[in-house]
Structure formats: C-alpha cells, structure tokens
Amino acid sequence: MNGVGLRMAVVFALAVFLGTGAAHSTDSTMTETIAIAPTDEALTFARAGEKIIAVTAYENDRVRGVDLTALAGPGEDAADLVNRLGYDKLKGEIERATQSVEVPVGDLDIPIRLTGAHIAAATNYREHAKEATVEGGPFLFPKLVTPTGARAAIPASRGMLDYEVELCLVTLKPIADDQDAAGGLMLCNDVTDRATLLRNIDPVNPESGKGFTSGKSAPGFLPVGDLFVVPRDMRAFAKSLELQLSVNGVERQRAIVSMWIWDFDEILRQARLRRATTWSYWGGTARLPFAADGAVPARTLVLAGTPAGTVFKGLHWSDYVLGILDWLYGGWDKTIAHHVVERHIAAAREAGAYLQPGDEVTIRVNRLGALSNKVAK
C-alpha cells in the first residue's frame with residue numbers, strides 16, 4: 001500500500017471508530033446508586049405495597065429509609081401525608097426515626113395515586129424543537145392515559161414507538177387561577193406512537209397540537225418514576241436536575257432542566273389561556289384537565305417536555321420527494337402530506353429505527369429516581 005493509500009485507510013478507520021463510538025458507546029452513568037436530596041432540600045417518598053417510605057438512600061438497587069405507614073390514615077399515601085402534616089412536621093418525623101426499612105427497587109409501586117388526565121408541553125427544549133423541525137415554539141396538548149409503574153412493560157405497537165424523558169410536576173392540591181405552580185416532582189416517559197401522531201397532525205400548523213393526544217395516550221404510554229419528591233423550593237430544585245435516558249444501555253438523551261423554554265409557572269399560565277381549547281382525539285375531542293371552578297385538579301401531572309435525542313428527527317427530504325411522486329402518479333385521492341407521512345412510516349419500519357420488542361428504556365436521574373421499561377415482545 002502506498003503512502004496516500006495508507007493515510008486514507010487510517011482516516012477511514014478513525015472515522016468508522018469515532019462514528020461507531022458516538023452511536024454505540026455504553027452509557028457510563030448507568031450505576032446502581034442514585035443520590036437522594038437531604039431533607040432540608042426535599043422530602044423523598046416511595047411505596048411498596050401498603051408501605052409508605054421516606055427514602056434516605058438509593059443504593060445497590062435498594063431503597064432505604066423510614067417507614068411512615070403508621071402516620072397514614074386509611075387509604076392515605078405520601079401526598080396525603082404532606083398535605084395533612086406539612087413539610088416540617090414530616091421532616092422532623094424522618095429525622096427522629098431510629099429504625100430504618102430497606103426494600104428492593106423492584107418491589108416499588110407508583111409512589112402516589114395519580115389521575116388519568118394530564119397537561120403536557122411539546123417542543124419545550126430548543127434542540128428538540130430543532131431536531132423535530134418545529135419552529136413555532138412550545139405548545140400544549142392533553143395526555144389522557146393512566147400512569148404505569150417504573151418497571152411496567154411498554155405495549156408493543158404496529159406504530160413507531162418513541163421515548164421522551166420528562167420532568168413532571170404533580171399538583172398536591174388544586175391550583176387556582178391566581179396561584180403559581182406548586183407540588184411535588186416525578187420522572188415520566190412520554191411514550192409516543194409517531195405513526196399515529198404524524199397521521200393526525202396538522203402539517204400546516206403542527207403547533208396546534210392536533211394528533212398529539214391520539215399519538216400519546218394509548219394504555220401503557222406513561223410510565224412514571226419510582227420516587228415522589230417534594231422540594232422545599234420547587235423552582236430551584238427543578239432547575240438543578242439533569243435528565244438522562246438510555247436505550248439498551250446506550251445514552252440517547254441528556255440535558256439540564258434549566259434549558260427548558262417554559263417553566264412550570266409558564267406552562268400553567270399557557271394552559272389557562274387554552275382552557276376552552278379542544279383537541280381532536282380518536283374521532284372525538286379532548287380538553288386540558290380543569291375542574292368546574294377553573295382549578296387544575298390535585299394529582300394532575302404536568303409534563304414539561306423532552307430534550308433532544310428522540311428517535312424522531314423530522315421528515316427526511318426523500319420522504320417529501322417520494323411522497324410527491326406518489327401523489328403525481330395517481331394518488332390524488334389523498335393529500336401530498338398523507339403520501340409524505342406514509343413514505344416516512346414505511347422507511348422507518350423497514351429500517352427498524354424506532355423502539356422494537358425487547359428494547360429497554362432506562363431513565364435515571366439523581367435526586368429524582370429511576371424507571372426502566374421494556375417494550376413487550
């Protein structure tokens with residue numbers, strides 16, 4: 001091999017090596033330990049069966065903490081305890097405890113009761129909006145699905161399953177029009193069927209949110225984290241968190257929450273402006289969850305949007321070219337947008353680009369907990 005050929009071979013090998021590393025490097029942050037905030041900053045709760053645990057450590061895939069079950073009345077959970085006893089009294093109970101309880105994380109349930117109607121923000125991180133080719137800024141939609149546990153399976157789908165790590169506010173009490181955002185925090189995976197979403201979206205005005213409720217509200221499309229965290233200063237606490245998601249051990253998403261465009265206060269303000277707005281939902285309509293008195297109900301999840309790194313990266317130029325050709329060659333009974341979307345779906349399915357049966361989506365965030373959900377086979 002001559003000198004030029006050798007140099008070209010070295011360059012090519014380096015390119016392959018670096019490219020492979022970028023796409024397939026193992027996520028070094030996958031550890032068995034998650035930092036738990038001190039009680040001066042936040043109270044952290046988990047639930048195992050009927051047992052309510054104030055978590056003080058999350059190590060070796062086990063949580064350790066104080067059993068608060070004796071403080072709870074019939075049917076009460078950690079949210080009820082916070083509402084009834086208050087932050088400081090609960091903090092004192094935790095700090096005075098002399099005995100601890102330890103539970104494997106696999107035994108943890110959804111930490112508190114939640115509703116099935118939620119407020120969700122889309123394209124609330126600039127880099128995600130850029131990769132999704134949405135230019136109009138953040139927008140809202142209702143997500144109507146009962147949350148599932150931190151280790152529940154994600155149902156397999158003929159659609160195109162995508163993941164979205166999100167920080168979620170949980171309203172502890174109803175939030176009236178004149179009140180700022182308040183409550184606790186949880187992790188959520190805003191699972192999405194991109195095929196359904198794209199087939200129902202308004203291509204001229206994607207910021208309308210049309211198609212999002214249908215594409216994001218199937219059963220099993222909202223796994224939530226194993227911890228419920230009530231910060232003393234929710235705004236400062238939220239901004240310090242770093243979201244992270246991996247698929248089969250390979251990191252796909254990572255971002256500091258403070259990179260968001262709308263914080264929880266602004267999301268709720270925007271939601272109030274859209275109280276009367278309706279979204280199409282499987283042939284019917286849906287609204288954002290507001291009570292008759294105009295308040296956001298207690299135990300509503302407010303999903304704050306996802307950072308960059310989802311499977312969906314917008315439509316490829318070839319989707320447009322082939323879709324237009326499909327329309328020109330006899331597809332006039334459908335819109336050009338329909339043909340473009342179907343070309344994208346066909347190509348994505350052939351490539352196996354989206355989540356496949358057996359894939360495992362893992363979210364681990366210090367101070368907030370974890371969830372790890374496999375796509376059902």
Side-chain angles (χ1 to χ4, degrees), residues 26-27 29-32 34 46-51 58 61-63 77 103-118 120 143-168 170 186-197 212-228 243-253 281-282 299 301 303 306 309-312 345 348-349 351-365 368-377:
T26 301
D27 174 20
T29 66
M30 290 292 292
T31 67
E32 297 179 335
I34 291 175
R47 182 171 68 90
E50 299 301 316
K51 190 172 294 184
Y58 192 125
D61 286 335
R62 302 178 72 84
V63 295
D77 60 13
V103 175
V105 296
D107 291 349
L108 298 181
D109 301 308
I110 298 176
I112 62 170
R113 299 187 309 278
L114 298 166
T115 70
H118 320 286
K143 187 173 175 89
L144 308 179
V145 57
T146 301
T148 51
R151 282 143 197 98
I154 299 170
S157 172
R158 272 289 298 152
M160 303 189 306
L161 287 178
D162 207 346
Y163 50 79
E164 294 188 4
V165 58
E166 305 207 12
L167 176 65
C168 295
V170 186
M186 293 182 71
L187 287 169
C188 299
N189 184 354
D190 181 17
V191 178
T192 305
D193 174 2
R194 296 289 178 191
T196 296
L197 191 158
F212 278 72
T213 302
S214 296
K216 290 173 173 281
S217 296
F221 274 23
L222 186 55
V224 297
D226 51 13
L227 302 181
F228 171 58
L243 303 178
Q244 187 272 342
L245 178 146
S246 300
V247 178
N248 300 329
V250 179
E251 185 174 285
R252 299 287 186 88
Q253 292 184 284
Y281 177 48
W282 290 119
R299 301 176 185 270
L301 285 172
L303 288 74
T306 198
T310 58
V311 179
F312 182 68
I345 292 171
R349 282 179 173 162
Y354 287 82
L355 294 175
Q356 303 297 312
D359 284 346
E360 186 168 15
V361 183
T362 302
I363 297 170
R364 298 177 72 95
V365 175
L368 213 55
L371 54 159
S372 189
N373 308 95
K374 283 190 176 182
V375 181
K377 294 184 178 180

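Count residues from 1 along the sequence.
Without hydrogens or angle criteria, His118 side chain to Val145 main chain gives a donor-acceptor distance under 3.5 Å. Distance alone, capped at 3.5 Å, places no donor-acceptor pair between the Thr196 side chain and the Gly215 backbone.
Contact of the Leu368 side chain with the Leu167 side chain is registered, since non-hydrogen atoms from C-beta on lie closer than 4.5 Å. When side chains are defined from C-beta on, Pro223 counts as touching Val191, because their heavy atoms get closer than 4.5 Å. Counting heavy atoms from C-beta outward, Cys188 and Leu222 have side chains that approach closer than 4.5 Å. Counting only heavy atoms from C-beta outward, the side chains of Thr213 and Leu144 approach each other to under 4.5 Å. Annotation: side chain of Arg151 is not in contact with side chain of Leu371 (no heavy-atom distance under 4.5 Å). Residues Leu187 and Leu243 are in side-chain contact: their nearest non-hydrogen atoms beyond the backbone lie under 4.5 Å apart.
Legend: residues meeting salt bridge (charged side-chain N to carboxylate O under 4.0 Å, His left out) with Asp107, ordered by chain and number and at least two apart, are absent. In this structure Lys143 satisfies the salt bridge (charged side-chain N to carboxylate O under 4.0 Å, His left out) test together with Asp190, sequence neighbours excluded. Looking at residues two or more places apart in sequence or on another chain, you find a side-chain hydrogen bond (donor to acceptor under 3.5 Å, both in side chains) between Thr310 and Glu131.
Taking every heavy atom of both residues into account, Gly149 and Asn373 meet most closely at O-ND2, 3.3 Å. For the pair Thr115 and Pro147, the tightest heavy-atom approach, listed with the atom from each and the gap, is O-CD, 3.3 Å. Considering every non-hydrogen atom in both Ala48 and Asp109, the closest pair reads C-OD2, 3.7 Å. When all heavy atoms of Met160 and Ala195 are compared, the pair lying nearest together is CE-N, 3.7 Å. Closest approach of Trp282 and Ser214 over heavy atoms only: N-OG, 3.1 Å. Nearest heavy-atom pair across Val63 and Tyr58 is CG1-CD1, 3.5 Å.
Between Arg47 and Asp226 there is no salt bridge, since no side-chain N of the basic residue sits under 4.0 Å from a carboxylate O of the acidic one. Note on Lys377 versus Glu360: no salt bridge recorded, every NZ/NE/NH1/NH2 to OD/OE distance being 4.0 Å or above.
Between Ser246 and the options Arg364, Glu251, Gln253, a side chain to side chain contact (heavy atoms under 4.5 Å, CB included) holds for only Glu251. For the side chain to side chain contact (heavy atoms under 4.5 Å, CB included) test with Tyr354, the passing option among Asp359, Ile345, Asp162, Val375 is Asp162; the others fail.
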Test side chain to side chain donor-acceptor pair (under 3.5 Å) applied to Arg252 and Tyr163, step by step:
CA-CA 10 Å; Arg252 299 287 186 88; Tyr163 50 79; 3.1 Å; yes
